[in-house]
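Note that this is a predicted model, so its numbers are computed, not measured. What's counted below: heavy atoms across the whole structure, side chains too, no hydrogens, waters or symmetry copies. Residue numbering restarts at 1 for every chain, and letters A, B, ... go by the order of the sequence lines.
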Number of protein chains: 2
Amino acid sequence: MDERPRYDAKLARILQVAAGVFAEKGYHRASIRDIAAATEVSLSGLYYYFESKEALLFLIQRHCFGTILERAQAELDGVDDAEERLRIVVRTHLRFFLNNMREMKVLSHEAEVLTGRYQDEVSALKRKYAAIVSDILRDLRGERDGPDLRIATFTLFGMMNWIYTWYKPGKDPGAEALASEVLHIFLNGFRSGAATEADEAEAEHGDGAPSIWRG
Amino acid sequence: MDERPRYDAKLARILQVAAGVFAEKGYHRASIRDIAAATEVSLSGLYYYFESKEALLFLIQRHCFGTILERAQAELDGVDDAEERLRIVVRTHLRFFLNNMREMKVLSHEAEVLTGRYQDEVSALKRKYAAIVSDILRDLRGERDGPDLRIATFTLFGMMNWIYTWYKPGKDPGAEALASEVLHIFLNGFRSGAATEADEAEAEHGDGAPSIWRG
DNA sequence: TTGGCGATCGAACGATCGTACGAACCCACA
DNA sequence: TGTGGGTTCGTACGATCGTTCGATCGCCAA
């Protein structure tokens, strides 16, 4: 019941095409007329599928974020080891990122545009996703000293979400290789405790940089 | 000669206030009328100081990027050790970032807006700055295997430039502490050789992604 | 065939945008 | 005191924006 295959399919196509337009020109610079031209739907015809430009952006972001959360949770299901869980999250994130770069660019770049309940709902998804990563990092760190969880989490997201600003398909490596590079840097960096840090600094450079976190 | 202290000072103030308006509302959503209100200069009066809205954004970005480059080069002067050079760059970058967050947000968030010669000139500054970091990383890596330089460079910039999306002054630590966290994760991760990584990768995906760093 | 409803459209409205133009202002210097 | 050029402003123009509204289309049930 309540199924409208025709409606749903066309809405999905509109969201996809509109995401491309927003990704290319930016949300504010792109006009509904641009989206009408790209989707081959008339200007007023579009408003049968969403009630405002902001609602259109909201639908794109919610669908995109919902899919990411779904996939991450599905891939994480049954896996207990913290390190393996982190590898899964990064790989899943980057796979989805590169396969849906236009949507992800809209998600990353137009994060502050939504207002009111639109913003509330997307922010809730965002917090949920960040909490998954943060919990993994807490588990991974264990009782040892280590980087602040909030900073480490956002730093990892920065490494991944910044990609849309420089990634060139064809030129740059695919999701798996990219995930390996990111995981190598982040994982080895995050796991190395303050003690290790001191040892390495001593052995290689004798630089005398003290422990960052102790006490 | 060619000095107009009154003109220069007022232009500088306009750039600063306009950067705040752009940071808050976004370049396209902010109107020249918003900037006129914020600067307390009349709408048409602003056009005595810049010839178009795009030129205004260009002046902001060039001034901001020019200052960063200047400071980085000054701080790096005379320092040879690669690791110390990286520490200096990250510290300088984050110090400037937190002290000029509005300008840096405009620089990061409105990177694709400029066109033509405006874009060319800012892109040149950006490449110059990225090359400094990339050269340091190459030096730091030496002859060993290690992450791809292009990816590592952009990954580091991602860690730093993503900050404007989550940083809360007062709540989050200052530039020095932030730089320590970022440097700890990135430096230890970047320096750790491929051997460690290979051990880890072995345990999981027979997926056919052998050595991460081809060749 | 016909009635009705989901789906689509053309045309227009008011608002806001970036920018241009000419007059008026202010102040150092003749 | 007058004058000229650097500086500031009020006003308006044309373009484009998001959104609305009533008419019309296509298709399936009666």
Side-chain angles (χ1 to χ4, degrees), chain A residues 1-61 106 110 112-119, chain B residues 1-19 21-22 24-61 106 110 112-119:
Chain A
M1 57 199 75
D2 202 48
E3 289 193 14
R4 286 169 296 182
R6 184 173 156 76
Y7 176 93
D8 290 340
K10 185 159 183 178
L11 173 57
R13 196 178 62 85
I14 289 176
L15 294 187
Q16 188 177 342
V17 174
V21 176
F22 283 158
E24 191 178 353
K25 312 189 70 170
Y27 171 77
H28 286 109
R29 195 173 187 282
S31 68
I32 304 285
R33 285 165 179 83
D34 291 331
I35 292 166
T39 56
E40 292 184 301
V41 177
S42 73
L43 176 60
S44 51
L46 286 173
Y47 280 85
Y48 186 71
Y49 290 90
F50 50 83
E51 61 181 3
S52 70
K53 189 184 181 185
E54 188 180 1
L56 170 60
L57 178 62
F58 166 71
L59 291 176
I60 292 173
Q61 294 204 359
V106 172
E110 317 291 354
E112 291 185 336
V113 173
L114 296 182
T115 63
R117 42 194 158 74
Y118 290 145
Q119 186 186 42
Chain B
M1 59 198 75
D2 201 48
E3 289 192 13
R4 287 168 295 181
R6 183 174 158 78
Y7 176 94
D8 291 341
K10 185 160 185 180
L11 173 57
R13 196 177 63 85
I14 289 176
L15 295 186
Q16 187 178 344
V17 174
V21 176
F22 284 156
E24 191 179 353
K25 311 189 69 170
Y27 172 77
H28 285 109
R29 194 172 188 283
S31 69
I32 303 285
R33 285 166 178 82
D34 291 330
I35 292 166
T39 56
E40 294 182 299
V41 177
S42 73
L43 176 61
S44 51
L46 286 173
Y47 279 85
Y48 185 71
Y49 291 89
F50 50 84
E51 61 181 4
S52 70
K53 189 184 180 185
E54 188 181 0
L56 170 60
L57 178 62
F58 165 73
L59 291 176
I60 293 173
Q61 295 204 359
V106 172
E110 318 292 354
E112 291 185 337
V113 174
L114 296 182
T115 64
R117 43 196 157 76
Y118 291 147
Q119 185 186 43

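Contacts with DNA chain C (heavy atom under 4.0 Å) in residues 33-45 of chain B: R33(B), L43(B), S44(B), listed by number. For residues 50-59 of chain B, proximity to DNA chain D is found at no residue, defined as any non-hydrogen atom under 4.0 angstrom from a strand atom.
E112(A) pairs by the salt bridge (Lys or Arg N to Asp or Glu O under 4.0 Å) definition with K105(B), not counting sequence neighbours. Listed by chain and number, the residues in a side-chain contact (heavy atoms from CB on, under 4.5 Å) with Y49(B) are Y7(B), K10(B), L11(B), I14(B) (sequence neighbours excluded). Remark: A37(A) pairs with no residue by the side-chain contact (heavy atoms from CB on, under 4.5 Å) rule, at least two apart or across chains. Considering only residues two or more places apart in sequence or on other chains, Y48(B) meets the ring pair (Phe, Tyr, Trp, His ring centres under 6.0 Å) condition with none of them. Taking Y118(A) as the reference, E51(A) meet the side-chain hydrogen bond (donor to acceptor under 3.5 Å, both in side chains) condition, with sequence neighbours excluded. Taking the side-chain contact (heavy atoms from CB on, under 4.5 Å) definition, one finds that Y27(B) meets it with F22(B), K53(B), E54(B), L57(B), E110(B), V113(B), sequence neighbours left out. By the side-chain contact (heavy atoms from CB on, under 4.5 Å) test, A12(B) is found to be paired with no residue, residues two or more places apart in sequence or in another chain being considered. Every residue two or more places apart in sequence or in another chain was checked for a side-chain hydrogen bond (donor to acceptor under 3.5 Å, both in side chains) with Q16(B), and none qualifies.
In this structure, CG of L46(B) is placed 15 Å from P of dT7(D), rounded to the nearest angstrom. For the pair Y7(B) OH and dG5(D) C1', the interatomic distance rounds to 15 Å; values are reported in whole Å. Atoms CD1 (I32(A)) and P (dT20(D)) sit 11 Å apart, rounded to a whole Å.
A salt bridge (charged side-chain N to carboxylate O under 4.0 Å, His left out) check over residues 24-38 of chain B, counting only residues at least two apart or in different chains, returns the pairs K25(B)-D34(B).
Here chain A contacts DNA chain C (any atom closer than 4.0 Å to a heavy atom, that is under 4.0 Å), and the contacts span dG6(C) to dA12(C) from 5' to 3'.
Considering CG of L56(B) and CD1 of I32(B), their distance stands at 6.0 Å, rounded to 0.5 Å.
Contact annotation: Y47(A) side-chain N/O to dT19(D) OP1/OP2 distance is under 4.0 Å.
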